[in-house]
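Indexing begins at 1, ligand by ligand and atom by atom, following the structure's order.
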Amino acid sequence: MTGRPEPIYKRVLVKVSGEALMGPDAFGLHQPTVDRIAADIAATHSLGVEVAVVVGGGNIFRGVQVSSQGVDRATGDYMGMLATVMNGLALSAAITRQGTQARVLSALDMPAVCETYTRPRALAHLDRGRVVVFAAGTGNPFFTTDTAAALRAIETGCEALLKATQVDGIYTADPKKDPTATRFDRLTHDDVLHRDLKVMDAAAFALARENALPVIVFSIHEPGSISAVVCGEGRATTVAS
Ligand SMILES: Nc1ncnc2c1ncn2[C@@H]1O[C@H](COP(=O)(O)OP(=O)(O)OP(=O)(O)O)[C@@H](O)[C@H]1O
Ligand SMILES: O=c1ccn([C@@H]2O[C@H](COP(=O)(O)O)[C@@H](O)[C@H]2O)c(=O)[nH]1
């Protein structure tokens, strides 16, 4: 007995920020941090929750970085999507080391590296109890992995999108820039869109709103935060209609 309540979801999608994977470093993958996040994903899975993951790429590359340096935006975005595949492979390997089966499904076809995303394949892996790591975002430039997270969550019937990020919820303004910003416990999708709160892009929130997908924003830096949130615990902002 851990004293923790039962999970409130059967299937969730966890969006893991790429920047979170660099831990205290300035770039790339910080293996102890990757292992800690993988352990929390495995612990969540061991509670009987089916877990899908979308991983970002901000620790390695963002398309907009090169658009001012003579590389066109679409090419830069494909480079960003490749960064998310590297992160997906690292996270999947770390989850597997925890003793939990995981598979990487890429929106861009690269059969020598990992499986290609199809919805039936993703559902089959989830039904078989595997953690599914979605990589390469939506497979399209001019999108983000936040939008991929909302899209994949809806496609695969997840009951909530858990955005594991740098901050412990949604604030009146970016708390990294405005020390007077205050945190919300609960918001509607409309609130987030009308107030133009930037924690996740508007396309992702619009998709979540249209499909009544709850979004829960919490800090990935808090150990055990993913398994806490699936049990309705921990510090977070819940966005629901
Ligand atoms: N109103 C707000 N409330 C909370 N956070 C906000 C707000 N506005 C902007 N932010 C910022 O949004 C950031 C969330 O971005 P995060 O790095 O998790 O996502 P991402 O850019 O999708 O990930 P990646 O690192 O993979 O690119 C937070 O670090 C926070 O500083
Ligand atoms: O659907 C997508 C998803 C991502 N990209 C590109 O990848 C990088 C990294 O993703 P983050 O969401 O910023 O973590 C992003 O900056 C885009 O360049 C994409 O083109 N399409």
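Of the listed options Glu19, Lys198, Lys15, Arg183, Glu19 places a heavy atom closest to atom 25 (O) of ligand 1. Closest heavy-atom approach to atom 27 (O) of ligand 1 among the candidates Met200, Met22, Arg62: Arg62. Distances from atom 12 (O) of ligand 1 to the heavy atoms of Val199, Thr237, Val16 put Val199 nearest. Considering only non-hydrogen atoms, atom 24 (P) of ligand 1 lies nearest to Gly18 out of Gly18, Gly169, Gly56, Ser219. Looking at Asp174, Ile220, Asp146 and measuring to atom 31 (O) of ligand 1, the nearest heavy atom belongs to Asp174.
The immediate protein surroundings of ligand 2, defined as residues with any heavy atom under 4.0 Å of it, consist of Gly56, Gly57, Gly58, Phe61, Arg62, Gly63, Asp77, Gly80, Met81, Gly137, Thr138, Asn140, Pro141, Phe142, Phe143, Thr144, Thr145.
Residue pairs that meet the salt bridge (Lys or Arg N to Asp or Glu O under 4.0 Å) test with at least one member in residues 213-233, sequence neighbours left out, are Arg4-Glu233.
Annotation: side-chain hydrogen bond (donor to acceptor under 3.5 Å, both in side chains) contacts of Arg183 (sequence neighbours excluded): Asp185.
With salt bridges taken as basic N to acidic carboxylate O contacts below 4.0 Å, none links Asp190 and Arg195. Using a cutoff of 4.0 Å between basic side-chain nitrogens and carboxylate oxygens, Glu19 and Arg62 are scored as salt-bridged. Here Glu115 pairs with Arg121 in a salt bridge; the nearest charged N to carboxylate O distance falls below 4.0 Å.
Heavy-atom separations between Ala181 and ligand 1 are all 4.0 Å or longer.
Judged by a 6.0 Å distance limit and a 45° cone about the ring axis, Arg73 is not positioned over the six-membered ring of Tyr78.
Taking Ile, Leu, Val, Met, Phe, Trp and Tyr as members and joining any whose side-chain heavy atoms lie under 4.5 Å apart, directly or through other members, the hydrophobic cluster of Met86 also contains Phe27, Ile60, Phe61, Val66, Val71, Met79.
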Check the pair Phe184, Tyr171 against ring pair (Phe, Tyr, Trp, His ring centres under 6.0 Å), reporting the backbone distance first and the verdict last. CA-CA 6 Å; Phe184 297 100; Tyr171 284 72; 8.3 Å; no

